[in-house]
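Below: the structure, in structure tokens.
Naming convention: chains lettered A, B, ... in sequence-line order (proteins, then strands); numbering from 1 in each chain.
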Protein chains: 2
Amino acid sequence: MSEPADAANETSLASTGRGRPAGATRKGLETRLRIIRGAREALEEGGIEALTTRRIAASAGVKLATLHYYFDSKESLLIAVLEDLIAEMDAAYRQDVSLPSAPEDRVEALIRASWRYIQRTRGKQIAQTELTLYALRTKGSEWLAARQYNAYIDFYGHLVFEDDADEDLRRIGRAVARQMLIGIDGIILQSYALQDLSASNDDIEAHIIAMRGYLRRLLAERDRPR
Amino acid sequence: MSEPADAANETSLASTGRGRPAGATRKGLETRLRIIRGAREALEEGGIEALTTRRIAASAGVKLATLHYYFDSKESLLIAVLEDLIAEMDAAYRQDVSLPSAPEDRVEALIRASWRYIQRTRGKQIAQTELTLYALRTKGSEWLAARQYNAYIDFYGHLVFEDDADEDLRRIGRAVARQMLIGIDGIILQSYALQDLSASNDDIEAHIIAMRGYLRRLLAERDRPR
DNA sequence: GTCTATAGTCCGATAGAC
DNA sequence: GTCTATCGGACTATAGAC
């Protein structure tokens with residue numbers, strides 16, 4: 001879950017096509033990416049309510065008209081931003097994270113790593129949640145929210161059981177991943193709102209115990225199917 | 001968790017004081033509340049990005065100037081909206097919900113009731129989450145997000161153990177409530193994004209098992225302290 | 001591909017009649 | 001307490017020079 005820097009480029013450049021004249025020169029692609037990253041910065045800074053094209057252009061170091069040269073509309077830019085976030089997460093998975101060998105221990109390590117990450121990237125997490133909500137209510141963009149979640153589920157799921165595990169195990173990995181993600185999203189909101197570190201730490205411990213138990217239960221069910 | 005209708009009036013009228021000339025006549029108070037409810041409607045309809053004072057005024061059936069007569073600024077109105085949501089939840093607790101007698105069964109019933117509620121109030125939940133995020137990043141309004149969460153925690157906590165339980169039990173009730181809320185918030189986001197009802201149902205069942213286990217563990221710890 | 005300049009719209013907020 | 005009318009500014013988007 002560490003900052004995967006710019007490994008996301010490749011993926012987010014290919015993106016929805018909305019990104020304008022296919023005639024994409026080297027420099028053009030860089031500018032396009034600068035605008036996306038500028039939008040992310042501006043979003044983290046001031047929230048979606050204050051996220052205007054002017055602010056984005058300034059944050060990216062380009063003129064307003066340049067922004068509109070690369071994106072037909074503000075909406076298509078926001079979609080590209082969400083895609084960039086997904087690509088970044090995808091890249092983070094690819095560069096892999098070394099983890100304990102027992103699945104239950106991996107689950108625990110993953111939750112702890114996520115919790116540390118959440119604590120030091122408050123603005124980023126809020127921004128991402130805002131964008132997800134934006135996608136959820138923007139007609140025709142709901143699929144983006146689903147893609148974002150599936151990327152996270154793949155990410156967590158693959159870290160619970162390696163890619164070469166059998167189908168049953170991968171299915172279990174995804175179920176646990178979904179549940180881990182639920183807890184993490186819930187803790188993000190609650191920890192930022194309550195600002196009670198000791199309570200949040202208790203919540204993380206409870207979540208870890210619950211996830212270890214869930215994984216154990218699913219594995220036991222597999223060995224002794226109904 | 002059923003719609004508590006208008007029981008929230010009293011509370012939200014008293015509110016932050018920002019609500020303008022204390023000289024509040026009967027009719028004036030009604031107008032003020034109509035504006036707040038209009039804002040909630042408009043928010044559920046189009047999201048916080050499209051939530052303009054003009055739209056709110058139209059949705060409330062008042063003129064733009066009237067809105068500004070009751071609220072000094074758009075921000076103070078949004079704060080009043082969040083307070084209204086909190087008051088509504090508070091009222092919902094007061095009118096109480098009949099539940100099973102065993103605490104563990106109450107926890108399960110509560111989660112199931114919340115899940116049914118979430119499924120039929122998508123727009124409302126998204127709106128509320130958007131407002132919470134708004135409060136979290138609006139300088140000086142972070143306390144509102146905390147108040148909102150504490151209202152929910154009280155609500156759930158009181159339903160796990162009655163008010164007349166001893167202090168230990170009430171503390172345990174609140175811990176379980178926090179954890180239940182984390183799961184519910186996480187499921188809200190994930191279920192809307194993934195639109196996979198069978199997965200969400202599995203998640204709810206897993207959450208119920210986890211919460212029953214958590215409550216049991218906390219009670220066992222209390223009887224046999226470290 | 002990036003710029004300046006500006007069109008055209010919509011915003012939050014206020015003045016002042018009733 | 002509610003209205004009409006309007007201000008000044010900020011917004012998204014485009015036209016057209018370079």
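- For A:R106, the salt bridge (charged side-chain N to carboxylate O under 4.0 Å, His left out) partners two or more places apart in sequence, or in a different chain, are A:E162.
- In this structure, B:E41 has no salt bridge (charged side-chain N to carboxylate O under 4.0 Å, His left out) partners at least two apart in sequence or on a different chain.
- By the side-chain contact (heavy atoms from CB on, under 4.5 Å) test, B:R137 is found to be paired with A:I126, A:A127, A:E130, residues two or more places apart in sequence or in another chain being considered.
- Every residue meeting the side chain to side chain donor-acceptor pair (under 3.5 Å) condition with B:R174, not counting sequence neighbours, appears here in chain and number order: B:D154.
- Every residue two or more places apart in sequence or in another chain that forms a side chain to side chain donor-acceptor pair (under 3.5 Å) with A:N201 is listed here: A:W115.
- Listed by residue number, there are no residues of residues 134-141 of chain B with a heavy-atom contact under 4.0 Å to DNA chain D.
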What protein N or O atoms touch nucleotides 3-5 of chain C N or O atoms at under 3.5 angstrom, if any, and at what distances?
from: C:dC3; atom 1: OP2; to: A:K63; atom 2: N; distance (Å): 3.2
from: C:dC3; atom 1: OP2; to: A:T66; atom 2: OG1; distance (Å): 2.7

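- With sequence neighbours excluded, the residues forming a side-chain contact (heavy atoms from CB on, under 4.5 Å) with B:A57 are B:V62, B:L67, listed by chain and number.
- A close approach under 4.0 Å does not occur between any side-chain nitrogen or oxygen of A:Y69 and OP1 or OP2 of C:dT2.
- Here side-chain hydrogen bond (donor to acceptor under 3.5 Å, both in side chains) pairs that include residues 48-63 of chain B, with residues two or more places apart or in two chains, are A:K74-B:E49.
- Judged as a side chain to side chain donor-acceptor pair (under 3.5 Å), and not counting sequence neighbours, A:E142 has no contacts.
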Let me check something: any side-chain donor-acceptor pairs from residues 175-195 of chain B under 3.5 Å, sequence neighbours excluded? List them with distances.
from: B:R178; atom 1: NE; to: A:D203; atom 2: OD1; distance (Å): 3.4
from: B:R178; atom 1: NE; to: A:D203; atom 2: OD2; distance (Å): 3.3
from: B:R178; atom 1: NH2; to: A:A199; atom 2: O; distance (Å): 3.4
from: B:R178; atom 1: NH2; to: A:D203; atom 2: OD1; distance (Å): 3.0
from: B:Q179; atom 1: NE2; to: A:D203; atom 2: O; distance (Å): 3.4
from: B:D185; atom 1: OD2; to: B:Y149; atom 2: OH; distance (Å): 2.5
from: B:Q190; atom 1: NE2; to: A:R178; atom 2: O; distance (Å): 3.2
from: B:S191; atom 1: OG; to: B:I187; atom 2: O; distance (Å): 2.8
from: B:S191; atom 1: OG; to: B:I188; atom 2: O; distance (Å): 3.2
from: B:Y192; atom 1: OH; to: B:I118; atom 2: O; distance (Å): 2.9

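- B:Y156 and B:S114 share a donor-acceptor pair across their side chains, judged by distance under 3.5 Å alone.
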What pairs of nitrogen or oxygen atoms, one from the protein and one from nucleotides 7-11 of chain C, lie under 3.5 Å apart?
from: C:dC11; atom 1: OP1; to: B:T52; atom 2: OG1; distance (Å): 3.3

